[in-house]
Colleague: 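Below is a structure I'd like to ask you about.
Numbered from 1 within each chain, the chains take letters A, B, ... in sequence-line order. Below, each value reflects all heavy atoms present in this structure, side chains not excepted, and no hydrogens, waters or symmetry copies.
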Amino acid sequence: MRTIRYRDALREAIREEMTRDTSVFIMGEDIEDPFGGSYKVTKGLSTEFGKERVRNTPISELAIAGAALGAAITGMRPIAEIMYLDFTTLSIDQIVNQAAKIRYMSGGQVQVPLVIRTQEGSGNSSGAQHGQCLEAWYAHIPGLKVVMPATPADAKGLLKASIREDNPVVFIENKMLYNIKGEVSDKDEVLGIGKANIIREGQDVTIVSYSRMVHESIKAADSLLEEGISAEIIDLRTIAPLDIDTILRSVAKTHRLVIAHEAVVNGGIGGEVAARVIKEGFDELDAPIERVGSKASPLPFSPLLEKEIVCDFNDIVTAVQSIIPNAKEVTI
Amino acid sequence: MRTIRYRDALREAIREEMTRDTSVFIMGEDIEDPFGGSYKVTKGLSTEFGKERVRNTPISELAIAGAALGAAITGMRPIAEIMYLDFTTLSIDQIVNQAAKIRYMSGGQVQVPLVIRTQEGSGNSSGAQHGQCLEAWYAHIPGLKVVMPATPADAKGLLKASIREDNPVVFIENKMLYNIKGEVSDKDEVLGIGKANIIREGQDVTIVSYSRMVHESIKAADSLLEEGISAEIIDLRTIAPLDIDTILRSVAKTHRLVIAHEAVVNGGIGGEVAARVIKEGFDELDAPIERVGSKASPLPFSPLLEKEIVCDFNDIVTAVQSIIPNAKEVTI
Amino acid sequence: MNEQICFYRQMLRIRQFEQKAISLFEKGELPGFLHSCIGQEAVAVGVCSALEKKDYLFTTHRGHGHVLAKGMDMKRMVSELYAKSTGSNRGKGGSMHIMDVSVGVLGANGVVGAGIPMASGTALSSKMKKDGRVTVAFFGDGASNTGAFHEGINLAAVWGLPTIFLCENNKFSESTSVKNHQRVERISERAKAFGIPGIHVDGMDVEAVAKAAANSVVRARNGEGPTLIEADTYRFLGHYLGDQVEYRNEDEHAEWVLKDPIVQIEKHLEQAGLLNEELKKNLIQEIDAEIDNAVDYAVNSADPHPNEAMDHIFV
Amino acid sequence: MNEQICFYRQMLRIRQFEQKAISLFEKGELPGFLHSCIGQEAVAVGVCSALEKKDYLFTTHRGHGHVLAKGMDMKRMVSELYAKSTGSNRGKGGSMHIMDVSVGVLGANGVVGAGIPMASGTALSSKMKKDGRVTVAFFGDGASNTGAFHEGINLAAVWGLPTIFLCENNKFSESTSVKNHQRVERISERAKAFGIPGIHVDGMDVEAVAKAAANSVVRARNGEGPTLIEADTYRFLGHYLGDQVEYRNEDEHAEWVLKDPIVQIEKHLEQAGLLNEELKKNLIQEIDAEIDNAVDYAVNSADPHPNEAMDHIFV
Ligand SMILES: Cc1ncc(C[n+]2csc(CCOP(=O)(O)OP(=O)(O)O)c2C)c(N)n1
Ligand SMILES: Cc1ncc(C[n+]2csc(CCOP(=O)(O)OP(=O)(O)O)c2C)c(N)n1
Ligand SMILES: [Mg+2]
Ligand SMILES: [Mg+2]
């Protein structure tokens with residue numbers, strides 16, 4: 001075990017998979033050394049593996065995704081980096097109309113070992129076009145897996161899994177997590193895509209979250225504990241497929257559910273989780289399901305206004321309190 | 001009142017608005033006469049209004065949306081036709097990153113009277129890239145309104161409203177509705193965007209639906225009536241903004257809710273509706289909320305397989321039955 | 001067989017195939033849409049004459065000629081048009097998504113232009129693996145206005161990939177004349193934007209096409225990068241079956257019909273004493289027999305089982 | 001004022017402004033990112049000298065020079081960089097989305113290339129309304145590889161719209177040299193793809209830029225359609241403030257710094273006896289006073305009220 005940063009964990013995953021398998025390569029804008037990528041995830045890789053396998057591209061998001069797809073169906077295992085999730089809008093025909101469907105449309109003639117790596121998230125005044133959380137779009141598309149790690153260990157283990165996966169994966173990092181540190185195994189640990197993680201056990205309420213909001217959920221749970229509320233925290237890690245069983249088991253214990261994500265509430269993954277729990281765990285629920293997310297607005301430039309729009313642990317605390325009428329004694 | 005087809009109702013709306021206001025114009029692929037558009041909605045318009053106001057474009061979906069947006073912020077009222085919703089993936093940067101946000105980002109300096117007209121829907125073996133129902137994507141974006149008419153009267157009244165609207169509207173038709181007929185007023189009727197319509201009253205269950213599935217809901221309700229179940233049918237007409245009040249009032253009466261749309265269940269509007277009802281109408285619900293939608297698959301070419309994937313009235317009937325244990329006598 | 005007879009036979013085969021498909025479609029036997037390539041046979045045959053089986057090919061909604069010329073098995077192809085379980089795509093693709101990996105046909109596409117960046121990707125694969133393959137992407141004049149065209153070709157140019165970008169300028173994008181959807185005279189001029197060779201060729205002359213393609217394939221295999229070829233041709237029928245073609249300029253049409261690539265090569269072969277009515281009849285008979293056989297195969301094949309609907313989404 | 005002095009003064013004003021912005025940013029006073037246009041002043045000033053106030057302008061993330069040259073009020077501009085309520089965008093846009101409709105500045109953009117099709121749209125507006133306006137879209141060498149570039153300019157070409165597509169080839173797309181992101185020698189060659197004039201101009205020579213822009217504006221106003229202008233220039237600093245610029249070729253850099261557009265015109269004016277140290281000092285003083293005044297205004301302006309966060313989403 002070592003304590004390393006999220007960005008380093010990602011780099012290690014790419015490095016190890018490129019070492020292990022010569023068909024793995026990465027392409028994207030400004031990823032080569034000495035620049036090493038906008039968020040420095042690929043720093044050092046072109047020096048180590050050469051510019052044949054770590055390829056700078058022109059500003060051509062559609063072609064990046066399309067070319068990666070072409071390579072994927074002919075035996076390579078490309079990682080396509082799209083600098084900001086906002087710019088995946090420009091690649092989305094290739095991701096959604098092509099990559100997600102080509103195996104199906106062809107009756108199974110090809111497999112698509114393609115990773116689209118990108119990042120999202122607000123919090124640094126990047127404005128309306130550099131921080132949107134649109135993971136719900138991708139989760140709505142049959143044929144795509146959507147992975148959203150919250151910790152360095154998950155970043156590494158899930159990126160390795162995504163690279164080894166024979167189906168297209170949209171791998172979404174969060175720009176505010178690149179510097180967080182965490183313990184990461186020294187071994188070749190590959191996590192399972194589609195498995196949620198109970199990162200804290202609790203009795204009174206289940207908080208379901210993923211990516212950056214996991215950390216806000218932890219803060220919220222800490223604060224709730226002070227008023228005697230014990231929260232169980234589930235990190236989804238993968239939003240498609242959704243590990244509904246883990247959620248249902250937890251709700252069967254706590255009987256209360258709050259879902260928290262940075263994306264806008266309306267149309268976010270929270271609605272999907274809520275609807276699934278309502279259908280499959282209706283009798284378990286003692287209170288309405290609360291969703292926490294950002295307000296329905298583009299992201300403003302002003303840091304002050306940005307804070308108004310984007311949700312944080314306070315919103316989670318409030319949501320939990322709203323469905324637990326009276327604070328109780330600590331139960332664990 | 002006259003009985004006209006959905007496609008004619010749309011054409012009338014455009015024609016009347018172009019007559020009324022010279023800043024209204026339409027652009028898109030192959031919309032000029034004599035072709036008159038892939039689905040013939042614009043037939044006759046270029047002959048009547050000239051090719052300055054009814055403009056064929058190259059195959060350039062990004063530029064169509066972008067140019068329409070540029071025109072919209074400088075005093076025109078463009079209608080941009082994107083032939084298939086599947087191809088709006090190619091315009092989506094301009095729709096989502098630009099049109100939806102430019103008013104906000106500029107601090108209110110511009111308004112965006114822009115209509116993106118497109119169509120979706122399966123049922124004619126168009127395959128995986130010519131029928132996807134991705135309205136949930138657009139409904140997730142703050143700054144967009146999303147309109148989905150089910151009848152000729154709504155098609156006309158809502159398209160007129162969308163053209164007069166000073167905010168960007170994604171107006172989604174359904175290709176299997178173009179030939180349906182219905183009564184349409186002779187007057188200049190402009191409907192309100194964001195208002196659902198109770199198209200049939202009932203006591204036992206509320207069926208919320210929109211676009212083509214409204215017609216399947218009617219069939220389902222007819223069939224349910226035979227077994228003594230009285231369904232109230234709500235046609236959302238607009239999915240963003242969502243008329244949650246109308247839904248809640250109905251659920252407060254029926255205490256049971258089924259949501260039906262042609263889009264894939266997972267990540268569709270149904271989840272959003274369910275989550276809202278759970279939160280705001282928790283105590284009213286006597287049974288789990290059921291969602292009806294298409295299976296999580298790309299659309300297959302084979303008509304037989306397509307029928308397997310896409311939901312229809314039978315699925316609605318089954319969903320209703322699953323939450324009403326014993327068929328009762330007819331209550332109305 | 002003499003190369004020219006071989007070209008002729010292949011073009012004829014495509015023509016007869018398309019005519020059969022039309023008649024089946026008109027009888028309501030084929031679901032979905034049909035986009036006929038009649039008039040454009042010389043491009044398909046000429047280009048594919050320069051390719052090997054291992055090479056990759058991307059095509060469009062108007063791709064029957066391309067895939068036949070590339071060597072796709074006609075039985076599996078017709079079965080796909082019939083949406084049968086024996087179809088190349090098991091009935092999930094249809095004409096607009098037809099694919100046959102076994103002969104390098106990596107797919108038709110329902111999204112205009114979308115095959116272009118994918119073709120850069122398969123060529124990248126070949127370059128990295130040094131497998132000696134080239135990739136051809138077919139597309140139309142209309143497609144040359146898409147962002148995918150610009151980004152996809154630029155990428156191949158920058159990386160020096162073994163790709164041939166083959167634009168069939170058939171004068172129409174659906175109902176829109178090429179004169180109204182771009183202002184550049186020659187689409188091959190667009191190669192200048194990428195710093196790669198742009199070649200203009202008479203797409204009604206199969207030998208001219210074959211030669212241009214062969215040269216570009218050599219360039220590609222030698223690691224000299226991509227080429228853009230514009231083949232001047234004409235869409236003899238409507239955009240799709242059912243199109244009323246009211247927008248067509250009949251003079252222009254008549255002019256082009258005179259250049260029918262099959263008629264041209266027939267004349268040529270007849271003059272050279274290589275073709276007579278007898279041989280022609282035999283060829284047609286042989287071709288029609290193959291087609292009928294393929295149709296029979298398809299008709300007698302099973303529909304896909306409903307349970308297969310959810311197969312092949314994920315590995 | 002003499003035209004050349006006027007150019008000089010405007011370039012100096014942009015240079016001083018950018019230097020101030022950098023120092024404020026480095027002190028942590030400005031949120032977000034900053035992309036400096038130092039080295040490219042001649043393009044902004046030359047192009048805008050050909051425009052009227054009513055004309056429309058689209059810019060990029062590197063747009064301070066453009067909007068200043070177009071006549072944007074500096075106080076509202078600096079306030080926007082400070083995210084103050086008095087900012088042109090009320091603090092919602094920042095440098096990357098700066099907009100001032102009152103002087104035709106229709107916005108910077110955070111999405112590379114995205115302003116290009118929008119510019120075709122405003123020009124379409126002008127054509128339909130016959131309001132005599134032209135639209136200029138600024139963008140970089142990197143942007144010329146986007147699909148938006150191809151689709152947006154093609155549309156303007158087909159419709160004969162009054163647009164000037166102004167590519168500042170500053171030799172970099174972030175860290176990537178222009179040599180590695182495209183193979184074409186001159187971006188102006190890309191005009192050939194659209195059948196419109198492509199002009200290459202020395203972007204360090206404000207008068208050359210002004211002349212090329214003026215000619216294109218005349219063409220546009222006369223209804224002769226769009227022009228693509230490539231202005232050869234250089235990004236003196238990093239992509240953004242904080243960029244370590246390790247990728248830079250220092251010889252290339254040194255060569256270009258010698259061509260500093262401000263130094264060039266200074267020499268020129270001095271030789272012509274139009275500029276001396278005294279005048280220069282006065283100009284700088286005057287400019288710095290304006291800048292300080294704008295910064296004071298911004299600093300003393302109120303933050304937006306939290307309640308405003310949800311304003312301006314819909315009309
Ligand atoms: C991105 C996209 N836009 C629009 C369409 C609808 N469409 C199908 S074929 C076609 C015309 C294509 O013209 P061209 O590229 O010249 O090919 P051709 O049909 O002439 O072979 C159009 C507009 C589409 N399939 N994809
Ligand atoms: C569509 C898109 N892709 C990537 C980026 C990230 N990005 C911002 S600026 C830039 C480089 C732009 O280069 P160029 O167009 O030459 O403009 P310059 O920065 O040199 O002024 C990139 C890649 C972006 N903002 N938008
Ligand atoms: Mg064509
Ligand atoms: Mg540049």
Colleague: In Å, rounded to the nearest 0.5 Å, how long is the span from NZ of A:Lys101 to CD of B:Gln129?
Modeller: 7.5 Å

Colleague: If you count heavy atoms of other groups shown closer than 6.0 angstrom to NZ of A:Lys295, is the number above 12?
Modeller: yes

Colleague: Tell me the closest heavy-atom pair linking B:Ile289 and A:Ile278, and the distance in Å.
Modeller: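 For B:Ile289 and A:Ile278, the tightest heavy-atom pair comes out as N-CG2, 3.4 Å.
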
Colleague: Checking heavy atoms, do the side chain of A:Gln132, its backbone, both or neither come under 4.5 Å from chain B?
Modeller: side chain

Colleague: Of the listed residues (A:Ser91, A:Pro300, A:Gly281), which shares the most heavy-atom pairs with chain B below a 4.5 Å separation?
Modeller: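 Among A:Ser91, A:Pro300, A:Gly281, the one with the most close pairs to chain B is A:Pro300.
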
Colleague: Over 60° means perpendicular and under 30° means parallel, so tell me whether B:Tyr138 and A:Trp137 are parallel, tilted or perpendicular.
Modeller: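 The rings of B:Tyr138 and A:Trp137 sit tilted, inter-plane angle from 30° to 60°.
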
Colleague: Under a 4.5 Å heavy-atom cut-off, does chain A meet the side chain of B:Leu299, its backbone, both or neither?
Modeller: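 When you check distances to chain A, only backbone atoms of B:Leu299 fall under 4.5 Å.
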
Colleague: Considering all heavy atoms of both residues, which atom of A:Asn266 and which atom of B:Ala139 are nearest to each other, and what is their separation?
Modeller: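 For A:Asn266 and B:Ala139, the tightest heavy-atom pair comes out as ND2-O, 3.3 Å.
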
Colleague: Contact part of B:Val265 toward chain A, heavy-atom cut-off under 4.5 Å: side chain, backbone, both or neither?
Modeller: backbone

Colleague: For B:Leu62, which atoms come within 4.5 Å of any heavy atom of chain A: side chain, backbone, both, or neither?
Modeller: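 Side chain only.
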
Colleague: Checking heavy atoms, do the side chain of A:Ala240, its backbone, both or neither come under 4.5 Å from chain B?
Modeller: neither

Colleague: Do A:Glu61 and B:Asp93 touch side chain to side chain, with heavy atoms closer than 4.5 Å?
Modeller: no

Colleague: Tell me, for B:Ala275 versus chain A, whether the close heavy atoms (under 4.5 Å) come from the side chain, the backbone, both or neither.
Modeller: both

Colleague: Which residue out of A:Gly127, A:Ala287, A:Ala100 racks up the most heavy-atom pairs below 4.5 Å with chain B?
Modeller: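 Winner by heavy-atom pair count: A:Ala287.
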
Colleague: May I ask you to test the A:His140-B:His140 pair for a side-chain heavy-atom distance under 4.5 Å?
Modeller: no

Colleague: Under a 4.5 Å cut-off applied to non-hydrogen side-chain atoms, are A:Ile141 and B:Leu134 in contact?
Modeller: yes

Colleague: Looking only at non-hydrogen atoms, find the nearest pair between B:Pro298 and A:Tyr104 and report the distance.
Modeller: O-CE2, 3.4 Å

Colleague: Using atom types as modelled and distance alone, determine if a side-chain donor or acceptor of A:Glu272 lies under 3.5 Å from a backbone N or O of B:Gly271.
Modeller: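 Here the side-chain-to-backbone pair does not exist.
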
Colleague: For B:Asp86, is there any backbone N or O sitting under 3.5 Å from a side-chain donor or acceptor partner on A:Asn97?
Modeller: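 Yes: the side chain of A:Asn97 pairs with the backbone of B:Asp86.
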
Colleague: Tell me, out of B:Gly268, B:Gly270, B:Ala274, who's got the most heavy-atom pairs with chain A below 4.5 Å.
Modeller: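 Counting heavy-atom pairs under 4.5 Å, the top option is B:Gly268.
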
